Student: 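Can you keep this structure in mind? I'll have questions shortly.
Each residue takes its place number in the sequence, starting with 1. What you see is a predicted model; the values in this text were computed from it and never measured.
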Amino acid sequence: MKTMAGTARHDREMAVSAKRQLSACSDPVERLRLQCLARGSAGIKGLGRTFKIMDDDSSRTLDQKEFLKGLNDYGVLIEKDEALKLFQQFDRDGSGLIDFDEFLITLRPPMSSARKEVIMQAFRKLDKTGDGVITVEDLKGVYNAKYHPKYQNGEWTEEQVFRKFLDSFDSPYDKDGKVTQEEFMNYYAGVSASIDTDVYFIVMMRNAWKIN
């Protein structure tokens, strides 16, 4: 399937473009978004994972200290006062805590509803069992591993191709071989950021996932 190769090229272009935009950007949220995108499509997802590790009590919220430590552990280059300003922007109710699902949604590059719809169509097509999670089982009838170069040269089994494929959407620290709707959307929000026009993005998605 061509998506992976296409995505890799877009990723490189996006990373270069994000780095370029960073020097001229002063909005703290946009700067953090660009720093994540400079790492490619999975950059925002990676930050989310780092925060998940910080969240010791599984409250899905972060206090200021956890937030600063998460940014630092992820290697985000940011001055402390800019990071505090960022925290205040996300701490809308002034409780001293930020909800990190909300944080990631805000950080996700904006997408038109047409793009979101085609991403959801792809997700629904992949989620054959309809349980809201994509697994190796779901992929078996939808994604043809036999075209993968590493399958063709005997390096990987079909199962390994599927796992590797899911890993690109899945979390780097918690690779459970399952991809949620949120992870899928976050991944494609990254890809979307590297593609200027809705038309091109939709055509790419339709071709990649054979959506009519």
Student: Can you spot which of R49, K52, K178 makes a salt bridge (charged side-chain N to carboxylate O under 4.0 Å, His left out) with E183?
Tutor: R49
Student: Name all residues meeting the side chain to side chain donor-acceptor pair (under 3.5 Å) criterion together with Q88; count only those two or more places apart in sequence or in a different chain, and write none if there are none.
Tutor: none
Student: Parallel, tilted or perpendicular: which describes the rings of W209 and F184, with under 30° parallel and over 60° perpendicular?
Tutor: tilted
Student: Let me know which of L62, L68, D63 forms a side-chain contact (heavy atoms from CB on, under 4.5 Å) with K65.
Tutor: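 Of all the options given, the one that passes is D63.
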Student: Is V29 linked to I44 within one hydrophobic cluster, defined over Ile, Leu, Val, Met, Phe, Trp and Tyr using a side-chain heavy-atom separation of less than 4.5 Å?
Tutor: yes
Student: Output the distance between atom SG (C25) and atom CZ (R33), rounded to the nearest 0.5 Å.
Tutor: 9.0 Å
Student: Any side-chain donor paired with an acceptor under 3.5 Å for D73 and T50?
Tutor: no
Student: Of all residues at least two apart in sequence or in a different chain, which pass the side chain to side chain donor-acceptor pair (under 3.5 Å) check with Q152?
Tutor: none
Student: Quick one: salt bridge (Lys or Arg N to Asp or Glu O under 4.0 Å) partners of R206, sequence neighbours excluded?
Tutor: none
Student: Should the pair E82-K85 be classified as a salt bridge under the 4.0 Å nitrogen-to-oxygen rule?
Tutor: no
Student: Just to verify, what does T135 make a side chain to side chain donor-acceptor pair (under 3.5 Å) with, not counting sequence neighbours?
Tutor: D138
Student: Flag the pair R60 and D55 as a salt bridge only when some basic side-chain nitrogen lies within less than 4.0 angstrom of an acidic carboxylate oxygen.
Tutor: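 Between D55 and R60 there is no salt bridge, as every charged N stays at least 4.0 Å from the carboxylate O atoms.
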Student: Sort and list the pairs that fulfil salt bridge (charged side-chain N to carboxylate O under 4.0 Å, His left out) and have at least one residue in residues 86-100, not counting sequence neighbours.
Tutor: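 Matches after skipping sequence neighbours: R92-E102.
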Student: Looking only at side-chain N and O atoms, does S17 offer a donor or acceptor that is under 3.5 Å from a partner on Q21?
Tutor: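 Yes.
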Student: Under the side-chain contact (heavy atoms from CB on, under 4.5 Å) rule, collect the residues that match up with N72, sequence neighbours excluded.
Tutor: none
Student: May I ask you to check whether Y188 and F123 place their ring centres under 6.0 Å from each other?
Tutor: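 Judged by ring-centre distance (under 6.0 Å), F123 and Y188 do not meet the cut-off.
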